[in-house]
Amino acid sequence: MHPSLDQVQKLLRDELKKAAGPPGENIPIMLERPKEAGHGDIATNLALLLAPRLKKSPREIAQTLVAALSLPEDILEEVEVAGPGFINFTLSRSFLRRGLRELLRCDESFGKLTTGQGKRAQVEFVSANPTGPLTVGHGRQAVLGDAVARILENASYAVEREYYFNDAGKQIRLLGQSIKAQYLRLSGEDASIPEGGYQGDYVEGLARRFMEKRGSLSPPPAEEEFTVFGREEAFAGIKRTLFRLGIHFDRYYSERSLFDSGRIENTIHALRAAGLAYDKDEALWLAGSTLGLDQDWVMVKSTGEPTYRLPDIAYHIHKLEQGYDLIVDVFGADHQATYPVVLAAVSSLGHDASSIEVLIHQFVTVKRGGREVKMSKRKGDFLTLDSLIDEVGTDAVRYFYLLRVRNSHLAFDVDLAVKESEENPVFYVQYAHARTAGILRHAKERGFSEPGMDCDADLLGEGEELALIRQLLVFPEVAAQVLKTLEPQRITVYLREVATAFHQFYQHHRVIGDEPALSRARLSLVKACRTVLSRGLGLLGVSAPDRM
RNA sequence: GCGCCUGUAGCUCAAUGGAUAGAGCAUCGGACUUCUAAUCCGAGGGUUCCGCGUUCGAGUCGCGGCAGGCGUGCCA
């Protein structure tokens, strides 16, 4: 059985720990992948960390460590002390070749992790109120949440995607009132949009559709009918948009259902019973200060209506009761103040909230014509996610969003994104995949059988070939790292590296040539590369086209 | 005022505390009789916002500034 890169690392760790002996107590063995090509495949700074304790020069310590290591011969080609005292390990050709065969054997399951085997995870994201179309801002959330779900699925978690929507509060009522006002206007009556109501063209459109369906009624239908209509229409639109992005939810969780099921009432009772809630000014307050928060928060307004925090708490308790092993909440930066309150309240009621992972992403601003477009849904001045997909295409939209770390602000320059449909980074990677597919197609036409692990990998010895194999074998490590950090953008960085290694290989070496054995070996490498590219793109939810 | 996030090449962004800070776009110069040139090879471009500290070593950690975003609602 060929050891994976992961197992090699474990072996190195054990050996280094042994070699360091007692002075190495409590020093974590750090293994890293050097960014410099000449620094081997794996490096450790152990000698540098030991130096202060041993009061010897790091290089000298490194030499001693290297001498004490006992490692299987066929794994490493070179172990070298370099720079200030790093130990660089270079994998052997035979290891790389065996790794390639292993990759081919695993095929589509290469890089699949078993971390979440038998575990259930829930990812909640988007959760936009059904009051209008999704915006460019929601897009980031949608794509990020879906990529996180895919990453968890790759780690064998049973993943549920959940969308929590508010159909009980003030916003949805305002939508109904706004549509009604537009409806009355269409009927020639004088009506004004309520304070804080929704103004965009789409509200007028909704009113128009309502009228087409129901006609001009006098007296007009009750406000509730407009609300229901508006919500259904908005939701249908949201689902259409998500469908275009390849995103589907397993469950849409209604806030109203929390009231109907009595969960809101139960939460209030629990908070009161725990002495965490008190009445003041005819409102119900959460005693944040006793929970370690810096202030108290209103849970139920003096009008008798709960603020959004109470349903949020009840909702999260319900999540926890379902026994997920992992719960991921994807929130925009505007929720940053809310979730600590929710988590504190949930914990103080005796629930273990440690399975909840909150991912906050920063806002998206939209630039158009060199100017920033201010987005306000209520004023109807926003760029819809749909229009962005129209202009840029699904793959580019997804990839573009995933290129950024979630904690950095994303300025979506629409003009640039459209222009980049020619030069967009996603095409670089997709093109590499299309090239692999093209070569494999060509090989089949020329009568080559399906490439696989029966090839003679020893024939692969060119620099570009070995560099590509190295790159491919890192994939499981990337998958593991991404699982830990839930940062999909690392995949985009990795995929670019793979694509570059492949394009370089392609440029310098002809795959299908005069020597059948060499051709077969290279075809296997191409197939392996195609597998990794398609697996990586799959984690991002971006298509891997066979032709472009 | 206070809290969270961000500040890296002209632009958009990378870089588990490590070695000479990297990519793409843009600019300039080369490479198609080929399995797709949506590619490759090369060049130029940096006080990593500023200052002090921590240590063998700081873009990364701490403190203090500066600038921007978000929050700090009986809005969601």
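Small disclaimer: the values here were computed from a predicted structure and weren't measured. In what follows, chains are A, B, ... by sequence order, proteins preceding strands, each numbered from 1.
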(message) Less than 4.0 angstrom between a side-chain N/O of A/Lys301 and OP1 or OP2 of B/C75, yes or no?
(response) yes
(message) Just to verify, which of A/His509, A/His503, A/Gln504 counts as forming a side-chain hydrogen bond (donor to acceptor under 3.5 Å, both in side chains) with A/Glu464?
(response) A/His509
(message) Using a 4.0 Å heavy-atom cut-off, does A/Leu31 contact any base of the nucleic acid, only the sugar-phosphate backbone, or nothing at all?
(response) base
(request) Assess the side chains of A/Glu462 and A/His508: does a donor N or O sit below 3.5 Å from an acceptor N or O? (result) no
(message) So, does A/Tyr428 get its side chain near the phosphate of B/A37, meaning an N or O under 4.0 Å from OP1 or OP2?
(response) no
(request) Measure from CD1 on A/Ile27 to C1' on B/U55 and round the result to the nearest Å. (result) 14 Å
(request) Look at the rings of A/Tyr252 and A/Tyr163 and say which category their plane angle falls in: under 30° parallel, 30 to 60° tilted, over 60° perpendicular. (result) tilted
(request) Based on the glycosidic angle (syn within 90° of 0, else anti), state the conformation of B/C32. (result) syn
(message) Under 4.0 Å, heavy atoms only, any strand: does A/Gln504 hit a base, just the sugar-phosphate, or nothing?
(response) sugar-phosphate
(request) Sticking with atom C1', work out how far B/U8 lies from B/U47, rounded to a whole angstrom. (result) 12 Å
(request) Give a yes-or-no answer on whether the side chains of A/Glu255 and A/Asn166 include a donor-acceptor pair shorter than 3.5 Å. (result) yes
(request) Would you mind classifying the nucleic acid contact of A/Gln430 as base, sugar-phosphate or nothing, using non-hydrogen atoms under 4.0 angstrom? (result) nothing
(message) Taking B/U60 as the reference, what is the distance to B/U72 when you measure between their C1' atoms (whole Å, please)?
(response) 29 Å
(request) Provide, to the nearest angstrom, the distance between the CZ atom belonging to A/Phe331 and the P atom belonging to B/G71. (result) 16 Å
(request) Can you see which heavy atom on A/Ala277 is nearest to which on A/Leu284, and at what distance? (result) CB-CD1, 3.9 Å
(request) Remember a base hit wins even if backbone is also touched, and classify A/Ala337 as base, sugar-phosphate or nothing at under 4.0 Å, heavy atoms. (result) sugar-phosphate
(request) Tell me whether A/Phe86 is stacked on the nucleobase of B/A19, counting only the six-membered base ring and applying the 5.5 Å and 30° thresholds. (result) yes
(message) Please pick, from B/G18, B/C40, B/C74, the nucleotide with the shortest atom-to-atom distance to any side-chain atom of A/Ser302.
(response) B/C74
(request) Report which part of the nucleic acid A/His509 touches: base, sugar-phosphate, or nothing (heavy-atom distance under 4.0 Å, all strands). (result) base
(message) Once you apply a heavy-atom cut-off of 4.0 Å, does A/Thr307 come out as touching a base, just sugar-phosphate, or nothing?
(response) sugar-phosphate
(request) Confirm from the modelled atom types if A/Gln336 and B/G3 form a donor-acceptor pair under 3.5 Å, side chain to base only. (result) yes
(request) Mind calculating the distance between CD (A/Gln471) and P (B/A23) to the nearest angstrom? (result) 13 Å
(request) Would you indicate what A/Asp294 reaches in the nucleic acid, counting non-hydrogen atoms under 4.0 angstrom: base, sugar-phosphate, or nothing? (result) nothing
(request) Please work out if A/Asp334 contacts a base, only the sugar-phosphate, or nothing of the nucleic acid, heavy-atom cut-off 4.0 Å. (result) base
(message) With nearest nucleotide decided by heavy atoms, which residue, A/Arg309 or A/His508, maps closer to the 5′ end of RNA chain B?
(response) A/His508
(request) Could you work out which one of B/U6, B/C74, B/C56 sits closest to the side chain of A/Leu48? (result) B/C56
(message) Measuring to OP1 and OP2 of B/A15, would you say a side-chain N or O of A/Gln489 lies under 4.0 angstrom away?
(response) yes
(request) Kindly indicate whether the side chain of A/Asn45 and the base of B/G18 share any N or O donor-acceptor pair separated by less than 3.5 Å? (result) yes
(message) B/U6, OP1 or OP2 - any side-chain N/O from A/Arg406 closer than 4.0 Å?
(response) no
(request) Take atom CD of A/Glu32 and atom P of B/G18, then tell me their distance rounded to the nearest Å. (result) 6 Å
(message) Testing the basics here: between A/Val532 and A/Leu495, what is the closest heavy-atom pair and its distance to 0.1 Å?
(response) O-CD2, 4.3 Å
(message) By the 4.0 Å heavy-atom rule, please label A/Ile360 as base, sugar-phosphate, or nothing.
(response) nothing
(message) Tell me the interatomic distance from A/His335, atom NE2, to B/G71, atom P, rounded to whole angstroms.
(response) 11 Å
(message) Please verify the inter-ring angle class for A/Tyr253 with A/His318; under 30° counts as parallel, over 60° as perpendicular, anything in between as tilted.
(response) perpendicular
(message) Need one value for A/Ala43: base, sugar-phosphate or nothing, where a base atom within 4.0 Å counts as base even if backbone is also close, heavy atoms only.
(response) base
(request) Side chain of A/Tyr308 only, please: which of B/A31, B/C56, B/A76 is the nearest? (result) B/A76
(message) If the cut-off is 4.0 Å, is A/Arg490 near the phosphate of B/U16, judged by side-chain N/O to OP1 or OP2?
(response) yes
(request) Using the closest heavy atom to pick a nucleotide of RNA chain B for each, name whichever of A/Val405 or A/His503 lands nearer the 5' end. (result) A/Val405
(request) Looking only at side-chain atoms of A/Trp285, point me to the closest of B/C5, B/C74, B/A19. (result) B/C74
(message) Taking B/C2 as the reference, what is the distance to B/A9 when you measure between their P atoms (whole Å, please)?
(response) 29 Å
(request) Look at all strands and tell whether A/Val493 reaches a base, only sugar-phosphate, or nothing, counting heavy atoms closer than 4.0 Å. (result) sugar-phosphate
(request) Using a heavy-atom cut-off of under 4.0 Å over every strand shown, decide if A/Met30 touches base, sugar-phosphate, or nothing. (result) base
(request) Verify whether one side chain among A/Tyr401 and A/Gln141 offers a donor that lies under 3.5 Å from an acceptor in the other. (result) no
(message) With the criterion set at under 5.5 Å between ring centres and under 30 degrees between planes, would B/A19 be stacked on A/His39?
(response) yes
(request) Using whole Å, report how far CG of A/Leu293 lies from P of B/C4. (result) 14 Å
(request) Can you tell me the distance, in whole Å, between the CZ atom of A/Arg13 and the C1' atom of B/U16? (result) 11 Å
(request) Using only heavy-atom distances, decide whether a donor-acceptor pair under 3.5 angstrom links the side-chain of A/Thr303 to the base of B/C74. (result) no
(message) Quick check on B/A37: is either OP1 or OP2 less than 4.0 Å from any side-chain nitrogen or oxygen of A/Tyr506?
(response) yes
(request) Name the closest nucleotide to the A/Thr338 side chain, picking from B/A76, B/A19, B/C74. (result) B/A76
(request) May I ask you to decide whether A/Glu124 forms a salt bridge with A/Lys319, counting only side-chain N to carboxylate O separations under 4.0 Å? (result) yes
(message) In whole Å, I'd like the distance from the CZ atom of A/Phe427 to the C1' atom of B/A38.
(response) 8 Å
